[in-house]
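Okay, so here's the structure we're looking at.
Chain letters run A, B, ... following the sequence lines, proteins first, then strands; residues in each count from 1.
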Amino acid sequence: MDIKSIEKIVSLSKRRGFIFQSSEIYGGLASTWDYGPLGVEMKNNIKNLWWKDIVTSRRNVVGMDAAILMHPEVWEASGHVEEFHDIMVDNKLTKKRYRLDHLLEIQPPKAIYDLAKALGFKPKVGESQANIVIPKIIREIIENEKDFNLNGFGIIDYANLKNKGEADWTIPTQFNLMLKTHYGPSEDSSSVIYLRPETAQGIFVNFNNVVTTARQKLPFGIAQLGKAFRNEITTGNFLFRTREFEQMELEYFIYPEDAKEQLEYWSQERLNWYKKLGVREDKLRLRPHDKDELAHYCTACYDIEYEFPFGWSELEGIADRGTYDLDQHNKHAKKKQTYFDQVNNQHIVPTVIEASAGVDRTFLTCLVDAYCEEEVNGEQRILLKLLPKVAPITCAVFPLVNKNGLPEISEKIFTEIQTEFSVFFDQGGSIGRRYRRQDEAGTPFGITIDHQTLEDNTVTLRDRDTMKQDRIPADKVLDELKKRLQNV
RNA sequence: GCGGGUGUAGUUCAAUGGUAGAACACCAGCUUCCCAAGCUGGGUACGAGGGUUCGAUUCCCUUCACCCGCUCCA
């Protein structure tokens, strides 16, 4: 697939009603997208398949649905307030941008020392530069020196060594990655709260509620599906990185000693789920994180990645979060979130393995992966080879012609299939045109009612990928569809 | 946020300092047909704002959005 293919996907998405640009008639809002009639069907299919795989089909996983709005202290406790903003500076000469902490970590000690002095404190002997001095410098800039100028301290741009690292630094600016809003009608500062940057915390703060009501014993999981918001610095690649997105998260609570084994288990489980969605195996991989890639809460992590036209990119992270989150809430909140282990007769904080997936990314993966162009009788045929369980429409019903009672018979069959599957009725245009339309929508099956139906009450069932047709009795259509859908 | 590119119909494109055209798609009708057939008719666009000009889709500025690269990223 060439690099233009993401544009083809965007174009098809709009043409067929999968995805529209948000607020399009007002010029659009950056990197926000709306799901159209086909899009929402497919998205729901994906979410339902996840829910079924994670929750419904397991005895020891339960679901929940927390509010998007949460108490501000949740994000203090989780570390998001602390960790989820970055101070950035640009080198005006080279137009390169850096995270200030990353930049300072590689500077000569003298520069750091001078910087600290200028900000009004003196580093003590033996104090770790990376862990104590630099964070202190950054805190000082955020809290007290909003317009601090970095020039004159000998801070070198190592990416600009050709020019002796020369730099003219901008005033450091803070990027807060959480979206704020005002809770309540008055806009005083006491009512500022955040839209959740992840769904996971909704699970952690309800840990005890779920344990007591669902009567689960370790190991067990709590799963949640819902919107999350992040003020990403860079968005783009269509649905891939957006500021509003939907997550599918599982928090699986275990005894600490099982962490390694469970991380492996869930990595495989989750990788297999994408395969079961029909995503090509050679486009999927499981990639362990390097140490320096790990998030603040995380001791080990795998990414499930897909090879998009724009490169290998993350669909899901499976992480060993240790006891970090529950510990943090136990420090901050009045009510303790612990588990009483009947076996050893003690309260413990369980370790958690998290599998955090993006709905929109999975959706995009399915579209990209299913997109096909082929030639039929010298004409291009575009089709989405979506698995039936993923496809927005399972089956389309066509009367071959609009007379001789064929539409009436078709309606009857349509109504019958409708009880079980998502069906589309189309009597407009030539039969070939109607087939092609459904090919682009990814509809796996087409039922055509023709003249022979009048004689022997059979219809044709067309397969999207092979375009082959089988003749089946009209009253067996539903059974036949069920049969074909059984193993896919 | 920086650099580059792009923005005209649903889509893909064209033309033009004098008010926009095609193909395909879409809708209605005819045809009654098994893989985007044909015929007739129809609706739909210069991303937004400002400036220059008698007149701007075209030139200039601003802005918005998309794509690519950088930067960043749980």
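Across B/rC67, B/rC68, B/rC73, the shortest atom-to-atom separation from the side chain of A/F238 is found for B/rC67. In the set B/rG10, B/rA36, B/rU32, the nucleotide with an atom closest to the side chain of A/H451 is B/rU32. Of the candidates B/rA36, B/rC35, B/rU32, the closest approach to any side-chain atom of A/M467 belongs to B/rC35. Nearest nucleotide to the side chain of A/R462, out of B/rC34, B/rC66, B/rC35: B/rC35. Among the nucleotides B/rG10, B/rC34, B/rA65, the one closest to the side chain of A/K14 is B/rG10.
Under 3.5 Å, the side chains of A/R462 and A/Q438 contain no donor-acceptor pair of N or O atoms. Side-chain polar atoms of A/D369 and A/T365 form no donor-acceptor pair below 3.5 angstrom.
For A/D450 and B/rC34, the CG to P distance is 9 Å, given to the nearest whole Å. Distance A/L103 CG to B/rU71 P: 14 Å, rounded to the nearest Å. A straight line from CD of A/Q427 to C1' of B/rA28 spans 13 Å, rounded to a whole angstrom. Between A/K8 atom NZ and B/rC13 atom P there is a gap of 11 Å when expressed in whole angstrom units. As rounded to whole Å, 9 Å separates atom C1' of B/rC72 from atom CG of A/L177. When rounded to the nearest whole Å, the span between CZ of A/R241 and P of B/rC72 equals 13 Å. Going from atom CZ of A/F310 over to atom P of B/rC66 covers 14 Å, rounded to whole Å. For A/E305 and B/rC73, the CD to P distance is 16 Å, given to the nearest whole Å.
For the P atoms, the distance from B/rU12 to B/rG7 is 12 Å, rounded to whole Å. When the P atom is compared between B/rA23 and B/rG42, the two are found 14 Å apart, to the nearest whole Å. When the P atom is compared between B/rC27 and B/rC66, the two are found 29 Å apart, to the nearest whole Å. B/rC60 and B/rU53 have their C1' atoms separated by 12 Å, with the value rounded to a whole Å. Comparing the same atom, C1', in B/rU44 and in B/rA56 gives a spacing of 23 Å after rounding to whole Å. Between B/rU52 and B/rU58, the two P atoms lie 15 Å apart (nearest whole Å). Taking atom C1' in both B/rU6 and B/rG47, one finds a spacing of 12 Å when rounded to whole Å.
Side-chain N/O atoms of A/R230 and base N/O atoms of B/rA74 include a donor-acceptor pair closer than 3.5 Å. Between the base of B/rC34 and the side chain of A/Q469 there is a donor-acceptor pair shorter than 3.5 Å. Counting atom types as modelled, A/R434 pairs no side-chain N or O with a base atom of B/rC35 as donor and acceptor under 3.5 Å. Contact annotation: side chain of A/Y435 to base of B/rC34, donor-acceptor pair present below 3.5 Å. The base of B/rA74 sits within donor-acceptor range of the side chain of A/H80, with an N or O pair under 3.5 Å. Below the 3.5 angstrom threshold, one finds no donor paired with an acceptor across the side chain of A/R433 and the base of B/rC35.
Judged by a 6.0 Å distance limit and a 45° cone about the ring axis, A/R285 is positioned over the six-membered ring of A/W312. Annotation: cation-pi pair A/R243/A/F229 absent, no NZ/CZ under 6.0 Å from the ring centroid and within 45° of its normal.
The closest donor-acceptor contact from the side chain of A/R433 to the backbone of A/G428 lies at 3.5 Å or more, if one exists at all.
Under the Watson-Crick or G-U wobble criterion, with both distances below 3.5 Å, B/rG7 is paired with B/rC64. With both pairing distances under 3.5 Å, B/rU16 is matched to nothing as a Watson-Crick or G-U wobble pair. Across all strands shown, B/rC59 forms a Watson-Crick or G-U wobble pair, both distances under 3.5 Å, with B/rG51. A 3.5 Å limit on both hydrogen-bonding distances identifies B/rG38 as the Watson-Crick or G-U partner of B/rC30. Both distances falling under 3.5 Å, in either a Watson-Crick or a G-U wobble arrangement, place B/rG69 opposite B/rC2.
For the pair A/S430 and B/rA37, the criterion of a side-chain N or O lying under 4.0 Å from OP1 or OP2 is met.
The residue A/I431 sits close only to the backbone: its heavy atoms come under 4.0 Å of sugar-phosphate atoms, none of a base.
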Any chance you could lay out the side-chain contact (heavy atoms from CB on, under 4.5 Å) test for A/L326 and A/F204, step after step, and finish with the verdict?
-> CA-CA 6 Å; A/L326 291 177; A/F204 294 127; 4.1 Å; yes
Kindly determine whether A/E246 and A/L225 satisfy side-chain contact (heavy atoms from CB on, under 4.5 Å), including the steps that lead there.
-> CA-CA 7 Å; A/E246 200 157 1; A/L225 209 158; 3.6 Å; yes
